[in-house]
Amino acid sequence: MQSDVEQLYQQIILDHARRRVGFGLASSGSGASGSVGESHQLNPVCGDEITLRVVLQDGAVSGVGWEGAGCAISMASASVLAELVAEEDRDRVIELVDKFRELMRSRGAETAEDPALGDASAFSGVSRYPARVKCAMLAWVALEEAVLAANR
Amino acid sequence: MTVPAAPGHPLTDAEVRRIRNDFPILGSNVGGQPLVYLDSGATSQNPISVMEAEQEYYEQRNAAVHRGAHTLAVDATEAFEAARSTIAALIGASTDELVWTSNATEALNLVAYSLSNASAGRGGEAARRFALGPGDTIVVTEMEHHANLVPWQELAARTGADLRFIPLDDDGALRLEEAASVIDSSTKVVAFTHVSNVLGIINPVAHIVALARAVGALTVLDACQSVPHLPVDVSQLGIDFMAFSGHKMLGPTGIGALYGRAELLADMPPVLTGGSMITTVTMENAGYLPPPARFEAGTQRISQAIGLAAAVNYLTETGMERIEAWEAELGVRLVQGLESLDGVTVLGPGAGTPRIGLAAFDVDGVHAHDVGQFLDSRGIAVRVGHHCAQPLHRRLGLTASTRASTYLYNTTDEVDAFLDAVSGVRTFFGAT
């Protein structure tokens, strides 16, 4: 039986918080061809911030990289995202952002795990902590903005 | 609740247990664990007597103050003004030197905006000495809460004055040797905190006041973390203005106060204008009442003021010296306990520096938000983030920290439970 805090900080989250997939803006490979979009997001409550860069080529993500500092939830969320959206096409990325946002708004309601979200499903426990939803959303909001910017 | 003991003698464990019975919320559970409330620096809890005072007011006296001749209005006005006397007496001020505000933030803004109005020519000849302009300086410190920084940034921007600050050393203490050059003949205002809300250390007020006085500058003291925790006497400190908040000293939210030296308030222009602060009003002009009414436009926070007076009575009956001594013990226990943990660094000067029962710390490899969440799962309430002091954190190379802050109702057992929980943080997050 997991304690509340263990349900929140799933092992997947703690692992990603350390692995930080896609850390470094260069991870996006923005030197290569493709349209580049970037977004900077700040959570003024805690000072967490993230800059995320995405490169689109032929309507699909060819690279995603990010830099930032923050809590385990925000860092792991960015890492999971970078792994999940690599090579997905643009519309699919926006769909995943919407799915993740929906998960964060579920306030802990028992919902069937969405296979599309992969490791990001591990964040379902965060939705029960309204104060932490912003932490989890930070990178996803940046991704959404960056994709829209790249698309322009 | 009376405690017959020497003024400077710390509270005893038995007394603290009795005190706790007066605070219903301290008996509650959080997630199945007994609450350990270590966030009084953000907001303190209320004793029953405060809640009863507010309820009694609404049940028996509720009416608008300073207007109307009916019995309730007279009763309400008397209770409201008696509350002012109670708070004024706590800090050694005269009753007409105490202006009600919503909180310390509003009190600090009141001073800044009154000086701004004087700079714009309001208040006539008498207010001219409060005017600022290009060439003048306002001095703050690098450890200020945003509430004692941003209003001065705004005042500087509006008047063309320059904002300077007294820097901190690597430990987070004020560099007093530099204060003497930062404060010079151009300085019109020196605004600084009595006790840092992040470091918990008590600043040398007399030293800074002496520097300010030598150049004829006004002094503004942020006393949010001192008035609730130790004896404070405005004439002893020699400051011109002082701000504090009720909800940090066992009182309700929505009430705070500004102390202003009588001869200064008398010449200052108002900030909020409207009802209750005027003498004669024509379609073109208005005359203003003397302080404190000049600075209290509109219907006041009556039940909150009465609640705050009940809180002050609770504090003075317990004894401010005894509360100070108890918290000093808790503070040393906190700092020494945290410093003994691997990977934990206490912000600011360590044990040995005069402090209240408050300590902020950094856990190597674990973000403050995660530390706070982990402690919350043990029923322990602490503050995480920048504590409204971003420049201070930046100076110490951090964006956020975790802060534990005690009050008269906290026990040594609670401090120990907190230390035990912190000792498990790095293992849980795999930071070791």
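Predicted model, so just to flag it, every value in this text is computed and none were measured. Note on naming: letters A, B, ... go to the chains in the order of the sequence lines (proteins, then strands), and numbering restarts at 1 for each one.
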For a side-chain hydrogen bond (donor to acceptor under 3.5 Å, both in side chains) check, start with the C-alpha distance between A/Asp119 and A/His16, then their side-chain angles and the critical distance, and finish with the verdict. CA-CA 9 Å; A/Asp119 280 358; A/His16 268 286; 3.3 Å; yes
Between A/Glu102 and A/Lys99, is a salt bridge (Lys or Arg N to Asp or Glu O under 4.0 Å) present by the stated rule, with each step listed? CA-CA 5 Å; A/Glu102 207 174 299; A/Lys99 279 179 190 288; over 6 Å; no
Centroid-to-centroid, B/Phe429 to A/Tyr9, below 6.0 Å?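 Ring-ring flag for B/Phe429/A/Tyr9: true, centres closer than 6.0 Å.
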Measure A/Asp48 against the heavy atoms of chain B and call it side chain, backbone, both or neither at under 4.5 Å.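 Answer is side chain: those atoms of A/Asp48 sit under 4.5 Å from chain B.
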Where does the angle between the aromatic ring planes of B/Tyr409 and B/Tyr407 fall among parallel (under 30°), tilted (30 to 60°) and perpendicular (over 60°)?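 Taking B/Tyr407 first and then B/Tyr409, their aromatic rings stand perpendicular (interplane angle over 60°).
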Establish, for the pair B/Arg333 and B/Phe418, whether the NZ or CZ atom is under 6.0 angstrom from the six-membered ring centre and no further than 45 degrees off its axis.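 Checked: cation-pi criterion not met.
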Contact residues of residues 120-144 of chain A (partner chain B; heavy-atom separation under 4.5 angstrom):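 Residues of residues 120-144 of chain A touching chain B at under 4.5 Å: A/Tyr129, A/Arg132, A/Cys135.
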Here's a test for you: under salt bridge (Lys or Arg N to Asp or Glu O under 4.0 Å), which of B/Asp342, B/Asp362, B/Asp364 qualifies with B/Arg426?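 The single option meeting the salt bridge (Lys or Arg N to Asp or Glu O under 4.0 Å) with B/Arg426 is B/Asp364.
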Criterion side-chain contact (heavy atoms from CB on, under 4.5 Å) on B/Leu358 and B/Thr406, from CA distance to verdict: CA-CA 6 Å; B/Leu358 176 155; B/Thr406 64; over 6 Å; no
For chain A, which residues of residues 379-403 of chain B have heavy atoms nearer than 4.5 angstrom: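 Near chain A, by residue number: B/His386, B/Thr399, B/Ala400.
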[X] atom [atom1]: more than 12 heavy-atom contacts under 6.0 Å:
X: B/Asn29; atom1: CG; result: yes
X: A/Glu95; atom1: CD; result: yes
X: A/Arg18; atom1: CZ; result: yes

